[in-house]
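Presented below is the structure to which this report refers.
Ligands are counted one by one from 1 in listed order, and the atoms in each one are counted from 1 as well. What you see below is based on every heavy atom in this structure, not just the backbone, and it leaves out hydrogens, waters and symmetry mates.
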Amino acid sequence: MTARHVPVLCSEVAGIVQQGPGRLVLDATVGLGGHAAAILERLPEARLVGLDVDEAALEFAATRLRPFGDRVQLVHGSYAQLDVHLRGLGIESVDAIILDLGVSSLQIDETARGFSYRAAGPLDMRMDPQSGRTAADFLNAADEEEIAQALRDFGEEPQARRIARNLIQERRKAPLRTTADLVAVVERTVSGRKRLQALARVFQGVRIVVNGELENLREGLGSALGVLAPGSTFAVLSYHSLEDRMVKQFFRQQVEGCTCPPKLPYCACGFVAGFRLVARRAIFASPEEVAENPRARSARLRALHRVA
Ligand code: SAH
C-alpha cells in the first residue's frame, strides 16, 4: 500500500460538510479515505459511511480510517444506488454527501488495473474488477462509430474517428489485450507533441464508457436527493466538462423553485425550492494546489445546501 493520494480541494470539501449539522456523512466515493479522514478529524462528533465500488480502495480506506474506530462504516457498492445502500444500513437520511468522481491514484498506479497508458498491463479499466465488461471487451466488440463516439464525447479527442478506424484495422489482425496495444494504436495515429494528450484523452474516454460513469452520475444525483436531510449539504467534485455540466444543470433545477410561466400573475405550481447553491460558481483548485497535486488540475467543486 504505497499509493500517495492527496485529496482534491480537501479543506473546501470539509468546509462544505461543516455548513450542515455534520452528524452523519456519506462519502459516496471513499477511495483512499483522504476526504473522509479530514472530515472525521474536523468534526469529532461525526460518523461516516464510506461507499466505493473498488474492494481494493475499501481495504486501503479501512486501514487509513481505523483510528476513527466505530465512527466509520465501509460498504461495497455504487453511488448510483446510494439510497439503497444506506437503507441497507438502516439509514434514511444523512447530513452530508460527498461525491469525488474520477480515478484514485491507487487505481492509476496499479498496472494490473489497466488505467494508465504509462505502464503495460491488461486492458481492463473497471473500477469494480468483479463486475462488468473490461476495456478490451468493449474495444474488441464495439463498431467504429461507438468507439469514435467514446473517444470524442468522453475523451474530447479531436482525432477520435481516425484512431477508431486504425483500432478496427489492428484488432482484425489480433484482438487488443494490453494497454500497450491501445497505446500503439494511438501512437500510430497521433504523433509528435499531441501524442501524450491523445493518450490521456483516449484512456479517459474508454474508462468513462467502460464504467458507465455518466449514467452512474445521473442516477447518483437522483438518489442523493432522496436521502439529504433538512440542513444537509451535497458536494460534488468533477473532472470532466460533461460531468460538470450534468451536476450544474441538476443543481440548478433543484434551486429554481416555481416552474410557472412568468406571465402567470400568481403561483399555480406550488413548488418551493428546497435547496440553495453553496457557491454560485464552481470552485477550482488554486495554482499552488495544482502544482502539488496534478489530479486537482481539472477539478471543479459544486455544492448544494438543503434548506432546513
Ligand atoms: N475522495 C477520495 C478519492 C476518490 S477517487 C479520497 O480522498 O481518497 C474516486 C473513487 O470513486 C475511486 O476509489 C473509485 O473506485 C470510486 N468510484 C468510481 N465509481 C464509483 C461508483 N459508481 N460508486 C462508488 N464509487 C465509485
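Within the model, atoms CZ of Arg161 and CD1 of Ile147 stand 10.0 Å from one another, a figure rounded to the nearest 0.5 Å. Rounding to the nearest 0.5 Å places CD of Gln73 at 11.0 Å from CG of Leu26. Rounded to the nearest 0.5 Å, atoms OG (Ser241) and CD (Glu156) are 4.0 Å apart. A distance of 11.0 Å separates CG of Leu301 from SG of Cys10, quoted to the nearest 0.5 Å.
No N or O atom of Asp27 sits closer than 3.5 Å to an N or O atom of ligand 1. Polar contact check, Gly33 against ligand 1: a nitrogen or oxygen pair lies under 3.5 Å apart. Taking distance alone, with nitrogen or oxygen atoms compared against 3.5 Å, Leu32 approaches ligand 1 more closely than that limit.
With hydrogens and angles disregarded, a donor-acceptor distance shorter than 3.5 Å links the side chain of Asp95 to the backbone of Arg23. A donor-acceptor pair under 3.5 Å is absent between the side-chain atoms of Asp244 and the main chain of Ser238, judged by distance alone.
Distances from ligand 1 to the non-hydrogen atoms of Val30 include at least one value under 4.0 Å. For the ligand labelled ligand 1, residue Gly102 lies inside the 4.0 Å heavy-atom shell.
Protein heavy atom at the shortest distance from atom 7 (O) of ligand 1 is His35 N, 3.0 Å. Here the heavy atom of the protein found nearest to atom 18 (C) of ligand 1 is Met127 SD, 3.5 Å. Protein heavy atom nearest atom 23 (N) of ligand 1, with residue, atom name and distance: Tyr79 N, 2.8 Å. Protein heavy atom closest to atom 22 (N) of ligand 1, with residue, atom name and distance, is Ser78 OG, 3.0 Å. Atom 10 (C) of ligand 1 has its closest protein heavy atom at Asp52 OD2, 3.6 Å. The closest protein non-hydrogen atom to atom 26 (C) of ligand 1 is Val53 CG2, 3.5 Å.
In summary, the atoms of ligand 1 found under 4.0 Å from a heavy atom of Gly77, numbered by their order in the structure, are 23 (N), 24 (C). Atoms of ligand 1 found under 4.0 Å from any heavy atom of Ser104, numbered from 1 in the order shown, are 5 (S). Annotation for ligand 1: atoms under 4.0 Å from non-hydrogen atoms of Asn216 are 22 (N). Contact atoms of ligand 1 toward Pro7: 7 (O) (distance under 4.0 Å to a heavy atom of the residue). Atoms of ligand 1 lying under 4.0 Å from at least one heavy atom of Ala28, given by number and element, are 24 (C), 25 (N). Those atoms of ligand 1 with a heavy atom of Asp54 less than 4.0 angstrom away are 15 (O). Heavy-atom proximity to Gly34, at under 4.0 Å, picks out these atoms of ligand 1: 6 (C), 7 (O), 8 (O).
Salt bridge annotation for Glu145-Arg152: present, with a cationic side-chain nitrogen under 4.0 angstrom from a carboxylate oxygen. A salt bridge links Arg87 and Asp83; the closest N-O separation between the charged side-chain nitrogens and carboxylate oxygens is under 4.0 Å. Using a 4.0 Å cut-off between charged nitrogen and carboxylate oxygen, Glu243 and Arg300 do not count as a salt-bridge pair.
Taking the side chain as every heavy atom from C-beta outward, Phe275 and Phe234 never approach each other to under 4.5 Å.
Contacts between Asp100 and ligand 1, counted as non-hydrogen atom pairs separated by less than 4.0 Å, involve both the backbone and the side chain. In Asp128, neither the side chain nor the backbone holds a heavy atom less than 4.0 Å from any atom of ligand 1. Proximity of Glu213 to ligand 1, defined as any heavy-atom pair under 4.0 Å, is not found for any part of the residue. For Ala61, no heavy-atom contact with ligand 1 is shorter than 4.0 Å.
Between the side chains of Arg162 and Gln159, at least one donor N or O lies within less than 3.5 Å of an accepting N or O. Judged by distance alone, the side chains of His305 and Gln19 never bring a donor and an acceptor atom under 3.5 Å apart. Side-chain contact check for Asn140 and Arg171: no donor-acceptor pair (N or O, by modelled atom type) lies under 3.5 Å.
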